Structure formats: C-alpha cells, structure tokens
Amino acid sequence: MPNTVIVTREEPIAVVQINRPEVRNALNDEVMSELVAATRRLDDDEAIRCIVITGDEKAFCAGADIKEEFVKATPVSMLAHDLTSQWEALRHIRTPLVAAVSGYALGGGCELAMICDVIVASETARFGQPEINLGIIPGAGGTQRLTRAVGKYVANEIILTGRFVSAAEAKAIGLAAQVYPAATWLEDAKALARTIAEKPPVAARLATEAVDLAWNSTLDAGLEFERKAFYLLFATEDKKEGVDAFVNKRKAVFKGK
Ligand code: DAK
C-alpha cells in the first residue's frame with residue numbers, strides 16, 4: 001500500500017511528510033486519516049516534543065484532491081462523510097506543530113498550515129485560497145483563520161481573487177513567522193522545531209493553548225486562562241529547573257514533569 005504520509009523520528013522532534021508528489025500532495029481520505037493517526041501517535045509519545053508537518057520542495061499541499069473528492073460530491077455525501085472531524089482532530093494535537101512550507105500551500109493546504117502553531121516558509125512558498133476559481137469557498141477554516149491572521153481586508157482580497165501569496169508577503173502580513181533559503185528550508189524548520197523541543201513541554205502546550213484562546217474567546221476568558229495556566233506551571237518540576245538554572249547560570253534540562 002502506498003505510504004501517503006511518511007513519519008521520520010529525530011527525537012525530540014518528528015517530521016510528518018505528506019507524500020503524494022504526483023498530485024502536489026493533494027489531500028484525499030487516506031492522507032487525512034494517516035495524518036491524524038500519525039500526529040495522534042506522536043502526540044502521545046513523551047519523547048517527541050515538537051512535530052514538523054511538511055510536503056516536498058514543489059508543494060506543501062495543493063489542497064483537497066479535486067478529482068477524487070469534489071467531482072461527484074454533493075452536500076449530502078459530504079455531510080455523511082464527516083470531513084470535519086479529521087480537521088478537528090488535527091486542531092486538538094497538543095504537541096507544538098510547525099508547518100514547514102515549500103512550494104504551494106493552497107486551499108486545504110493553506111488551511112492545514114494554519115491549523116499548525118507556527119508556519120515557516122521556504123522562499124519558494126506560494127500560499128493561497130483559490131477555491132473561488134472552483135465556484136466554492138474555503139471549507140476547512142480558511143475564511144476564519146486567514147482573517148484572524150491577516151485581517152479582514154487582506155483576507156478578502158486573497159480569498160476573492162484566489163491569487164498566490166509569496167513567502168515574503170506571507171511574512172509581511174503575519175502568515176509566516178520566518179522565510180528560509182530554498183536550499184536549507186527543511187533543515188532550518190527542523191532547527192526551529194528542536195529549539196521549541198528543548199523548552200519545557202508542559203509550558204509549551206499551555207502557551208499554544210493560551211495563544212489559540214486569543215483567537216477563540218473574549219479577552220477576559222483568555223486572560224483568565226492565562227492566569228490559571230501561569231499559576232499551574234509553578235507546580236511543575238520544569239519551573240523549578242528553569243528558575244534554578246537561571247539563578248546558578250547553567251543550561252536548564254527540562255523533563256516535561
Ligand atoms: N487535486 C487534484 N490534483 C491536483 C491538485 C489538486 N488539488 N493540484 C494539483 N493536482 C495534480 C494536477 O491535476 C496534475 O495532475 P496530472 O495532470 O499530472 O495528472 C499534477 O497534480 C501536477 O499539477 P500541475 O500540472 O497543475 O502542476 P503545476 O506545478 O503547473 O501547478 C498547482 C501546481 C498546485 C498551482 C495547480 O496544480 C493547481 O492550481 N492545483 C489546484 C489548487 C487548488 O485549487 N486547491 C484548492 C482545492 S479546494 C473541507 C476540507 C478541505 C477542503 C474543503 C473543506 N472540510 C473539512 C469541509 C479543501 C478544499 C480545497 O483545498
């Protein structure tokens with residue numbers, strides 16, 4: 001059976017690579033199931049502290065497989081199929097997810113990147129929500145997450161024209177955190193993941209949860225969560241380790257306890 005998702009463990013990080021290069025890594029049922037299964041397994045694995053999701057040089061992911069998924073689809077078939085639960089499962093992965101984008105990240109590909117906690121890009125990256133050209137609109141969070149990331153007016157311009165956004169522009173508008181050279185993008189993304197993986201994992205998980213709440217709740221609710229999470233972290237061994245390392249001028253070694 002073809003492996004549409006390849007997992008490489010490089011503890012304390014793992015790389016999850018979409019592997020359908022012949023269709024620019026378009027998403028079908030098999031890819032989505034494998035992505036969910038792989039990230040869930042890694043999420044339960046204490047040795048893995050950051051997960052990189054990527055594609056290949058030409059494409060992170062060109063979105064839903066239009067030929068397999070959309071040609072015969074009807075509202076009833078899509079409702080029956082429950083596409084959303086797989087995307088929700090990815091959204092609830094607690095280990096920090098880094099999207100490493102080279103080439104196209106279009107439609108569901110851009111939406112997949114935006115489900116991650118950090119997006120980094122090769123200088124070759126091209127983001128976009130071109131669904132309008134198919135007579136539809138983004139359906140896996142694009143209208144919501146892109147708007148929260150870049151604001152209403154830029155999001156509408158991108159969604160209504162279906163145009164591609166370069167890596168440099170993605171960084172300028174707040175979609176990509178970093179742009180790396182084409183020759184080193186994946187190594188650079190893995191280096192970022194290793195930096196994140198060195199941090200105390202409980203704090204990292206609570207940090208991304210708190211940041212997500214800034215999108216998903218009121219300021220009061222977000223501040224309340226942040227305050228409780230902040231206090232909670234004072235009960236961890238990693239807080240003792242971090243503070244002790246600072247006081248004694250040594251490098252902290254965090255255990256996730
Ligand atoms: N689906 C199927 N095949 C695709 C594909 C796609 N999205 N993208 C590329 N391919 C295939 C091409 O058909 C071609 O196949 P052959 O002709 O060789 O058989 C091969 O990949 C190479 O593509 P090109 O020859 O076009 O290569 P180029 O480098 O010239 O262009 C491209 C690459 C990515 C710019 C272009 O292929 C393109 O525009 N692709 C379509 C991109 C697109 O429109 N994506 C948005 C799809 S809609 C939801 C969940 C998800 C979604 C919605 C709801 N729920 C949970 C409710 C997602 C929706 C979408 O993503």
Side-chain angles (χ1 to χ4, degrees), residues 2 4-5 16-40 53-93 97 99-116 119 121-150 155-167 169-170 175-176 182 185 215-216:
T4 62
V5 167
V16 175
Q17 183 194 3
I18 305 171
N19 180 40
R20 296 185 77 212
E22 69 286 0
V23 287
R24 303 287 182 264
N25 294 323
L27 302 169
N28 62 6
D29 238 5
E30 197 180 337
V31 176
M32 286 306 297
S33 307
E34 285 189 28
L35 259 181
V36 169
T39 48
R40 274 187 168 155
I53 297 190
T54 195
D56 56 35
E57 273 175 30
K58 278 193 182 151
F60 174 74
C61 168
D65 189 314
I66 299 167
K67 295 177 224 166
E68 272 187 40
E69 305 288 326
F70 286 177
V71 174
K72 296 200 181 121
T74 66
V76 173
S77 70
M78 284 194 286
L79 272 171
H81 199 50
D82 184 22
L83 298 162
T84 306
S85 61
Q86 290 172 317
W87 290 81
E88 282 300 299
L90 290 175
R91 178 183 168 203
H92 289 111
I93 297 297
L97 297 178
V101 176
S102 175
Y104 299 108
L106 302 177
C110 189
E111 290 167 313
L112 176 62
M114 291 191 291
I115 270 190
C116 296
I119 301 177
S122 157
E123 58 197 352
T124 65
R126 294 289 175 272
F127 297 87
Q129 297 287 167
E131 290 89 341
I132 197 95
N133 298 325
L134 301 171
I136 55 176
I137 65 170
T143 62
Q144 303 305 299
R145 292 199 176 93
L146 188 64
T147 306
R148 282 167 166 77
V150 307
N156 265 330
E157 189 257 348
I158 291 168
I159 290 167
L160 292 175
T161 62
R163 76 175 174 89
F164 296 167
V165 172
S166 70
E169 184 185 354
L175 188 57
W185 64 278
W215 272 16
N216 208 21

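Note that this is a predicted model, so its numbers are computed, not measured. Atom set for the values below is all heavy atoms of this structure, side chains included, hydrogens, waters and symmetry mates excluded. Order of appearance sets the numbers: ligands from 1, and atoms from 1 within every ligand.
At least one side-chain heavy atom of Leu112 sits under 4.5 Å from a side-chain heavy atom of Leu35. By the 4.5 Å heavy-atom criterion applied to side chains, Lys72 and Ser77 are not counted as neighbours. Annotation: side chain of Arg126 is in contact with side chain of Ser166 (closest heavy-atom distance under 4.5 Å). The side-chain heavy atoms of Gln144 and Trp215, taken from C-beta on, include no pair separated by under 4.5 Å. No side-chain heavy atom of Glu57 sits less than 4.5 Å from a side-chain heavy atom of Thr124. In this structure the side chain of Ser122 never reaches within 4.5 angstrom of the side chain of Val101, judged on heavy atoms. Using a 4.5 Å cut-off on side-chain heavy atoms (C-beta onward), Thr39 and Ile53 make contact.
Residue Phe70 places no N or O, backbone or side chain, under 3.5 Å from any N or O of ligand 1. Polar contact with ligand 1: present for Ala62 (N/O pair, distance under 3.5 Å). Checked against a 3.5 angstrom limit, the closest N/O atoms of Gly108 and ligand 1 fall inside it. At under 3.5 Å, a nitrogen or oxygen of Ile66, whether backbone or side chain, sits near a nitrogen or oxygen of ligand 1.
A salt bridge (charged side-chain N to carboxylate O under 4.0 Å, His left out) check over residues 132-143, counting only residues at least two apart or in different chains, returns nothing.
Considering only non-hydrogen atoms, atom 47 (C) of ligand 1 lies nearest to Leu134 out of Leu134, Leu112, Ile132, Leu27. Considering only non-hydrogen atoms, atom 15 (O) of ligand 1 lies nearest to Lys67 out of Lys67, Glu131, His81. For atom 6 (C) of ligand 1, the candidate residues are Ala59, Ala64, Cys61, Gly141; the nearest heavy-atom contact is made by Ala64. Scanning Arg24, Gln129, Gln86, Arg126 for the heavy atom closest to atom 27 (O) of ligand 1 points to Arg24. Considering each of Gly107, Cys110, Gly139, the one bringing a non-hydrogen atom nearest atom 55 (N) of ligand 1 is Gly139.
The main-chain N or O of Gly55 is found under 3.5 Å from a side-chain atom of Gln17 such that the two form a donor-acceptor pair.
Atom numbering of ligand 1 starts at 1 in the shown order; those under 4.0 Å from a heavy atom of Ala140 are 49 (C), 50 (C), 51 (C), 54 (C). Shown in contact with Trp87 at under 4.0 Å from a heavy atom are these atoms of ligand 1, numbered in order with element: 50 (C), 51 (C), 56 (C). Shown in contact with Asp65 at under 4.0 Å from a heavy atom are these atoms of ligand 1, numbered in order with element: 1 (N), 2 (C). Close contacts between ligand 1 and Gly63 involve ligand atoms 61 (O) [criterion: under 4.0 Å to a heavy atom]. Within the listing of ligand 1, atoms 20 (C), 21 (O) sit less than 4.0 angstrom from a heavy atom of Glu22. Listed by atom number, the atoms of ligand 1 under 4.0 Å from Leu106 heavy atoms are 34 (C), 35 (C), 42 (C).
Within the 4.0 angstrom cut-off, atom 37 (O) of ligand 1 has no protein heavy-atom neighbours. Distance check for atom 40 (N) of ligand 1: every protein heavy atom is found at 4.0 Å or beyond. For atom 30 (O) of ligand 1, the protein comes within 4.0 Å by no heavy atom at all. Checking atom 19 (O) of ligand 1 against the protein gives a heavy-atom contact under 4.0 Å.
In Arg148, the CZ atom is crowded: over 12 heavy atoms of neighbouring residues, nucleotides or ligands sit closer than 6.0 Å.
Of the residues listed (Phe60, Phe164, Phe127), the one engaging Tyr104 in a ring pair (Phe, Tyr, Trp, His ring centres under 6.0 Å) is Phe164, and it is the only one.
Counted by atom type alone, Thr4 and Glu34 present one or more donor-acceptor pairs between their side chains at under 3.5 Å.
Under the 4.0 angstrom criterion for non-hydrogen atoms, Glu68 is not in contact with ligand 1.
With hydrogens left out, the protein atom closest to atom 4 (C) of ligand 1 is Val23 O, 3.8 Å, a heavy atom. For atom 33 (C) of ligand 1, the closest non-hydrogen atom on the protein side is Tyr104 CE1, 3.5 Å.
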Side-chain donor-acceptor contacts of residues 131-142 below 3.5 Å, not counting sequence neighbours, with atom names and distances?
{"residue": "Glu131", "atom": "OE1", "partner": "Gln129", "partner atom": "NE2", "Å": "3.3"}
{"residue": "Glu131", "atom": "OE2", "partner": "Gln129", "partner atom": "NE2", "Å": "3.1"}

